[in-house]
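Okay, structure first, notes after.
Chain identifiers are assigned alphabetically (A, B, ...) following the order of the sequence lines, protein sequences preceding nucleic acid strands; residue numbering begins at 1 within each chain.
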Protein chains: 2
Amino acid sequence: MADLSIDVVAREAGVHRSTVSRAFSRPEAVKAETREHILRVAEKLGYTMSPLAQALRRKTSTLVPLIVPDITNPFFAELAKTMTEAAGERGYQLMLCVTNGDDVQTAGYLTAMQSLYAPFGIIAPSTRVDIDALMQFDFGQRLVVIDRVDQNAGVPTVTVDSRRGIELAFEHLRSLGHRRIGYVSGIAGTHTAQDRMDAYRDLAEGEPIVLDSGADSEAGGRAAAHFAAMADRPTAIIAANDMVAFGVISALASRGFRVPEDVSVVGFDGLALGARFNPALTTVRQPIADMGSIAIELAEKKAADGSAGHIVLEPELLVRASTAGPRP
Amino acid sequence: MADLSIDVVAREAGVHRSTVSRAFSRPEAVKAETREHILRVAEKLGYTMSPLAQALRRKTSTLVPLIVPDITNPFFAELAKTMTEAAGERGYQLMLCVTNGDDVQTAGYLTAMQSLYAPFGIIAPSTRVDIDALMQFDFGQRLVVIDRVDQNAGVPTVTVDSRRGIELAFEHLRSLGHRRIGYVSGIAGTHTAQDRMDAYRDLAEGEPIVLDSGADSEAGGRAAAHFAAMADRPTAIIAANDMVAFGVISALASRGFRVPEDVSVVGFDGLALGARFNPALTTVRQPIADMGSIAIELAEKKAADGSAGHIVLEPELLVRASTAGPRP
DNA sequence: CTGAAAGCGCTTACAG
DNA sequence: CTGAAAGCGCTTACAG
């Protein structure tokens, strides 16, 4: 397999290099039998074209970056998984780039992808990155943004309707009989965290009860402490996302509060992990797989006609074991 | 930034293209002031070298694939996270490749990485892939294997001492007073699952109690059902990994068994997620970050002198809230 | 439909 | 220490 290039295939097949190139890249431009012969020879030799050389010549590759702040966050892991498939089906090769929410890292990836001739990229930004700054990069123009609404820059976006999601959680809880419903923000890193919090404040009847609004992994612990210290406790809690819900339930349990007997908890995301939590988590599901494939479509559309679509998907309620009626 | 190539920098700096190349790639081969001048001009123009063109010419790149079966498994996610950093520090660019445990996908990645001139790769194989078959690929010779012992092919490996890990779990449980200690295998996908099971059988005093040995995500549920149906139940359970432990605890809880009051559970992996589980999981920690950087070192060592090192790391017990003494 | 030529952006012996 | 030349593995107008 050493030194297998287009020229050795050409020689072996008795044609010119350019004909071999066409046989692979523009089959309709080659006589059928010539092409078949070339392909057979290539197959026999075990030849495949060098994507490197192709990208250099064509000035475009099939490498598509997915830029996320943290892959150990299961939301991004699930996104990465489904997008790998969505990209593969369309002939792209997804390249996962993890930034840790860092501006400089993000910028580094953008210039790298530019020089790798990536046709476009998908970014799920953390709050710490400034989209407008990203747009200063050449590659910024070819980005589509997931999970963050940003209409002002001609950037295509795909998000889930945060307000509708919080509404679903409220409807479910109220139908169970809950009236005092608290909220825990926490592990931010995404702009949707803010949208969800806003929706909660709008939809809460009476006084909103925000147990914690921190953005770190200790939010659950603080929320539980706050809850324990309250005189008039809420009977149910909505968490800004599933990871926060896990933390809240766990911290609540270590203080002796049982879910859902003592207090109901609803998450937001619909992570597969939630089904295996103790108790299995009732949550608002985001259609993660759809987000991935739609992001790719938006990117292709923008490349084709310059249009920046903004797709908002509908969330869905997943009722499991972390919610029940309030104590009589 | 359009059409910025080595030649425009050369022209602007008044030197030959080859001098610009050296200024970047072999600084000691250029007179200091020439180099500084070139670098200044490049900086002003916003020029960086094309990694594509470099790889094509040098026949080696800095792209290092990390091949894992499933990124939504937090073990692989944590591995990916720490390896991204370890690779970055050494001047490599980690490229995450997700196979879903599929042979064909894996093979596809190997040929792709070969044609991208990757210097080496790291693979955390699922049980379904045959390492020996992988070695048939040119790129197979440049692989280092994580979490799977495989001495027979000159492949470097880095693993954790499974037997020692299980031993730690037993020691902890026995010191708490447990005598009947069960085991749940499950979510395999890794060869270490087998090693851990073997260690359990060896170390169990009296009759081993294997509650479930399945390899799917339902293992927890079946194990809990089995447990509930037993006359003489174990007072503690060791799970083959943290994800299985989560499933077992959750399924146990839904049948009314409380952890650790009714039964203690120990996991294996040391996932960050375990600290936020309900209850926080006692577990055998694998030094995931070390595994990543050692894998890279082994790969570099093999590239340098052809040697295939086999590193076995020590696990460590993390005592949290899922274990306690047995019911009196 | 096929071939010959130029060139994508680099590197690296080889001279000087 | 620097330059000129050849070449990595391809693609794509341009002829024929």
Show me the protein contacts with nucleotides 7-9 of chain C, counting only N or O atoms at under 3.5 Å.
unit_1 : atom_1 : unit_2  : atom_2 : d
C:dG7  : N2     : A:Arg57 : NE     : 3.2
C:dG7  : N2     : A:Arg57 : NH1    : 2.5
C:dG7  : N3     : A:Arg57 : NH1    : 2.6
C:dG9  : OP1    : A:Lys59 : NZ     : 2.8

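Within the structure, the salt bridge (charged side-chain N to carboxylate O under 4.0 Å, His left out) test picks out the following pairs touching residues 43-55 of chain A (sequence neighbours left out): A:Glu12-A:Lys44. Listed by first and then second residue, the ring-ring contact (aromatic ring centres under 6.0 Å, His included) pairs that reach into residues 94-116 of chain A come to none, sequence neighbours excluded. Applying the side-chain hydrogen bond (donor to acceptor under 3.5 Å, both in side chains) definition to pairs two or more places apart or across chains, those involving residues 17-34 of chain B are B:Asp7-B:Arg17, B:His16-B:Ser18, B:Ser25-B:Arg58.
For the ring pair (Phe, Tyr, Trp, His ring centres under 6.0 Å) test, no residue two or more places apart in sequence or in another chain qualifies with A:Phe139. Under the rule for a ring pair (Phe, Tyr, Trp, His ring centres under 6.0 Å), A:Tyr117 has no partner lying at least two apart in sequence or in another chain. A search for salt bridge (Lys or Arg N to Asp or Glu O under 4.0 Å) contacts involving B:Glu78 returns nothing, not counting sequence neighbours. B:Arg90 is linked by a salt bridge (Lys or Arg N to Asp or Glu O under 4.0 Å) to B:Glu297, counting only residues two or more places apart in sequence or in another chain. Checked against side-chain contact (heavy atoms from CB on, under 4.5 Å), B:Pro74 has the following partners two or more places apart in sequence or in another chain: B:Met243, B:Leu271, B:Leu273. For A:Phe137, there are no ring pair (Phe, Tyr, Trp, His ring centres under 6.0 Å) partners, not counting sequence neighbours.
Scanning residues 24-43 of chain A for heavy-atom distances under 4.0 Å to DNA chain D yields A:Ser25.
Here the P atom of nucleotide C:dC10 and the CG atom of A:Leu116 are 12 Å apart, to the nearest Å. Taking atom CZ of B:Arg22 as the reference point, atom C1' of D:dG3 lies 8 Å away to the nearest angstrom.
Look at A:Ser18 and you won't find any side-chain N or O under 4.0 angstrom from OP1 or OP2 of C:dT2.
Secondary-structure annotation of DNA chain D gives the stems C:1-3 with D:14-16, C:5-12 with D:5-12, C:14-16 with D:1-3, with a stem taken as at least 3 successive Watson-Crick or G-U pairs whose two distances both fall under 3.5 Å.
Annotation: side chain of B:Gln286 is in contact with side chain of B:Asp147 (closest heavy-atom distance under 4.5 Å).
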